[in-house]
Each structure stands twice: as C-alpha cells, then as structure tokens.
Protein chains: 2
Amino acid sequence: MFSLAEENYLKTIYHLEQESKGGVSTNAIAERMETKPSSVTDMVQKLAEKKMLSYKKYKGTTLTSGGKKIATQVIRKHRLWEVFLVDKLKFHWDEVHEVAEQLEHVQSDKLITRLDAYLGSPDFDPHGDPIPDKDGYVKPTEKKLLSELKKKQRGVCVGVKETSSEFLQYLDKKNITIGTKMQVLGKEFFDGSMIIQVGKDQFFISKIIAENIYVQTN
Amino acid sequence: MFSLAEENYLKTIYHLEQESKGGVSTNAIAERMETKPSSVTDMVQKLAEKKMLSYKKYKGTTLTSGGKKIATQVIRKHRLWEVFLVDKLKFHWDEVHEVAEQLEHVQSDKLITRLDAYLGSPDFDPHGDPIPDKDGYVKPTEKKLLSELKKKQRGVCVGVKETSSEFLQYLDKKNITIGTKMQVLGKEFFDGSMIIQVGKDQFFISKIIAENIYVQTN
DNA sequence: TCCAATATTTAGGTTAGTCTAAATATTTTT
DNA sequence: AAAAATATTTAGACTAACCTAAATATTGGA
Ligand SMILES: [Mn+2]
Ligand SMILES: [Mn+2]
Ligand SMILES: [Mn+2]
Ligand SMILES: [Mn+2]
C-alpha cells in the first residue's frame, strides 16, 4: 500500500510532531531524514494527495488521522521487532535499531499479530519506548528526565532519550538499564551535573547524561 | 550491497540453474519472475558487469561463484525465516512463503546467525527443502518422486515440489506432511494414478499429485 | 538449405525517489 | 519598513527498474 520511502516519511513526521507539538517544517523533516528539503517537498506533496497529511505551501505539515495510523503501525512493528531481537535473539539493546529499521517494513498483519502474541504483548521496547497497540493507541507516559530530579529524590530508569550505541554502552558500563533504581545524592547548580547512587556505586554524571535518561518517580 | 531486485534475480537464476543443469535463458528468467524479457536483458547485463554471472548475448547466463554465494545466502535466509514462522509463530506451511519473500532481504549477518542458532540450526525448511549453510553449501539430497515408486514400495514424505496453498491444503486434508510414511498399494499403468496407504487410510491419487511429493525410501 | 517461428536485444519511454541550482516566500534584523 | 538572512518551492536532471515496439539473431522444419 505504501512504499518504504513513504512509510519512513510518515514515521519521521509523526515523531517530529510528538516532539514539538504542532506542524512540522520541511527543513526539520529533511534534517531528520538526512535528505534535501526539495526532496521533502516532493514527497510531502505526494502524501498530501494521498490524504496522509495536510500541507499548505510554506506552512509545514500535519499528519491526518490516516497518516497517524500508518505511522504508529510502523512504529509498533519497529518496537516489537526490537523486543524480539533482545528477548529472543539476545541482541544487545544498542544494536537492534538498524535491523528493526528494515524489519518494520515487512508487510503482513498476521506476522505482527503472531509476533506480538509470541513476545507476550509487551508494552515497552528495549529502550523503554511504549509500543502502540493495533489501533495505534499509545498509553500516555508518566516519566521525567533524570535531570529534573532534585537532590535526594529517587527514580527508576524507564527509558532513554538518546539511543546511540555510544550512549547505551556508557549506560551499560555504569550498570544502568531499564528498571534500574537511582537516587540523586548531589546536584551542582552551576552546570547541572549530579552525583548519583546506582546500586552500591556512586558516581558523577554530567547534565548531558542526566538529560537523556527517563525516570519514573513514585 | 545488492538491491532487492538484484537479489531476486540471482535467486531465481540459481533455482533455474538447479532445475535444468546448464545456462539459463532470458525467457525462462522472465517467465519465472513475471517480468518482460527486455527487463531481464537489462538486469542480466548489469549483473554481468558486477561479475555475478557470465553472459554472452543470445546465449543465456550462468552464475559465477560470487553470484551463487549471494543466491544461496538469500535462499538460506528465506528458508530459516520459514522455519521461524512455522516453528515459533505457528504459521501453517502454506502461508509462510510470501512473508519469507520479504524477510529474506533483511541485511544483517548477526541476525541470521542468531536466528539460525535460535531455531536449532535446522537442516530443512517446512516444505522439506534443504537450508544452505553459511558458506552456501547444500547437502546433496537423497529423494525421489512418489510417482517413481513401484507397487508395494514404501517411502517417507521428505518434501514437496509444488508449494501452492491449494496443493499444501490438499495434502493436509489427506494427512500428508513432512515425515508421513506411505506405501503404494496399486499403480495404474495407463494414467500413472495410484492407490496409497497413509496411516490407516487408503485413497486414490492422480499422477499429478504423485509427481509433486518427494519421498525417501530405505 | 532456407524460411518462418521463436528468442533475444536494442531503442526509447515511464515512474519513484533523489539531487543541484535557481526562484520565491517568510522571518529577522537593522 | 526595508534589507538581509533563512526557509521553501520549482525547474531540470539523474538512476534503478520497469515497460512497449522495433530490430536482430537463432533455430527447427519443409
Ligand atoms: Mn529503534
Ligand atoms: Mn527502540
Ligand atoms: Mn518459500
Ligand atoms: Mn520453503
């Protein structure tokens, strides 16, 4: 029904919409997709014809409900495959994304239904991101950035913002993964850096790190 | 490295080479791929430039060892995914092919290594076809067509030639699957039809059916 | 052998998705 | 409010993979 390129555009536009609440600019799409703005204009016009998004020249785009439907299904597939790779094939969480980028485009309703059941209908992927249900519904999430916690506050790691290998490997080195409990022991006002307690270890993290870890407080 | 179209051509040419022992004609490829001979000529010339096959105008093509390598790897992936779909996701053997056609193009050495291990390094796919190893080696198979058996001979079903849903569903109805033991009770010289014993049932099958079931005798 | 049928290639065109360069619109600065 | 900077679109081209129609080669039968 939709080509690989079309699916990737819809997915990217969906993510950008979530991030910035509102219409998405041509340049933002181009940058995220590592392509040229002129290519984006072409594709956006095509997707507008297909009623997947609304588009006014020079004004940016917004997905229609149809476009959101496609986007969330692709995201659902991406995240379910990531769970498969980590849970069943024992991939490390920092090496599943590229493979999932390919698997997310395989077309088969039955496949995804069965895969979901086989994995035990997981709610989150290995990076803590929620898996949309068959109807594209995503549970509103209750999480904040570690950098928002104050001294003495505790939290449980529920996800990461940055998902590069480098960052995920850093977290591994510090024994931080989904479900890890942590507490802010000290916070430097000047640069936002923190001392945190993880298990029996205490160590220093920069603001950059703290801004890329999602935690749930209770 | 190779596009989806290129992989499909190499795979098809490999299969045709196996079937007819010798160079493969442009028209044979076109027919099998449901495309036009002129398109085949284009692609074959491109693949010849890439040293994946040898090609002399009007004389047909033969895969080089490089081409065979690519082809067998795609076939390996196809068949491993078919095993996954049947063994793990409980697909029926008549509905895995289309999905495997897509999955076979996912590029990741680690994925296929892990998948193979996860499935217990199977030697055959759900249709009884052998799974090439990492080096493309396929065990020479010891099988014959049910239609070649003489009266009174026994055999075990080890595969099927035809893999359409219709045929596979017919086999299911008759309780014939990989591993099923059968014996020829009678054979009609005139049309090649047979009466066979399968479990506690005896029934008539036409020559067409018998020519699409592979058996191993012992 | 030679001709008609068949197989194959070539020529030229199409579509999807990309690009660069140029034109135009919008936004920011002065 | 204009000029300058930035964002976006348009125009024109390119490649991969396909197609149709026409040209050319091969082959099997009289
Ligand atoms: Mn991912
Ligand atoms: Mn993820
Ligand atoms: Mn198959
Ligand atoms: Mn098979």
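In what follows, chains carry the letters A, B, and so on, assigned in the order in which the sequence lines appear, proteins first and then strands, with residues in each chain numbered from 1.
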Nucleotide [N], atom [atom2] - distance to [atom1] of [X] in whole Å:
{"X": "B:K56", "N": "C:dT9", "atom1": "NZ", "atom2": "C1'", "value": "17 Å"}
{"X": "B:K36", "N": "C:dT10", "atom1": "NZ", "atom2": "C1'", "value": "17 Å"}
{"X": "A:N8", "N": "C:dT18", "atom1": "CG", "atom2": "P", "value": "9 Å"}
{"X": "A:E31", "N": "D:dA7", "atom1": "CD", "atom2": "P", "value": "10 Å"}
{"X": "B:L47", "N": "D:dA16", "atom1": "CG", "atom2": "C1'", "value": "12 Å"}
{"X": "A:Y58", "N": "D:dT6", "atom1": "OH", "atom2": "C1'", "value": "12 Å"}
{"X": "B:M43", "N": "D:dA16", "atom1": "CE", "atom2": "P", "value": "10 Å"}

Within less than 4.0 Å of OP1 or OP2 of [N], is there a side-chain N or O belonging to [X]?
{"X": "B:Y55", "N": "C:dT9", "answer": "yes"}
{"X": "B:N27", "N": "C:dT6", "answer": "no"}
{"X": "A:T35", "N": "C:dC19", "answer": "yes"}
{"X": "A:S39", "N": "C:dT18", "answer": "no"}

Give a yes-or-no answer on whether the side chains of [X] and [Y] include a donor-acceptor pair shorter than 3.5 Å.
{"X": "A:S193", "Y": "A:D191", "answer": "yes"}
{"X": "A:D94", "Y": "A:H92", "answer": "yes"}
{"X": "A:H78", "Y": "A:D125", "answer": "no"}

Discussion item. Could you check whether B:E101 pairs with B:K11 (Lys NZ or Arg NE/NH1/NH2 to Asp/Glu carboxylate O, under 4.0 Å)?
Written reply: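 Yes, charged N to carboxylate O under 4.0 Å.
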Fill in: Quiz item: A:S38 side-chain donor-acceptor pair to C:dT20 base, under 3.5 Å
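For A:S38, whose side chain was compared with the base of C:dT20, there is a donor-acceptor pair (under 3.5 Å).
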Response to the item:
Of the listed D:dC18, C:dT26, D:dT10, the closest approach to the A:K57 side chain comes from D:dT10
Discussion item. Looking at B:E49, I want to see if its CD is surrounded by more than 12 non-hydrogen atoms of other residues, nucleotides or ligands under 6.0 Å.
Written reply: no
Practice prompt. Between B:S25 and A:Y9, name the one whose nearest nucleotide on DNA chain C is closer to the 5' end.
Written response: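 Its nearest nucleotide lies further toward 5', so the answer is B:S25.
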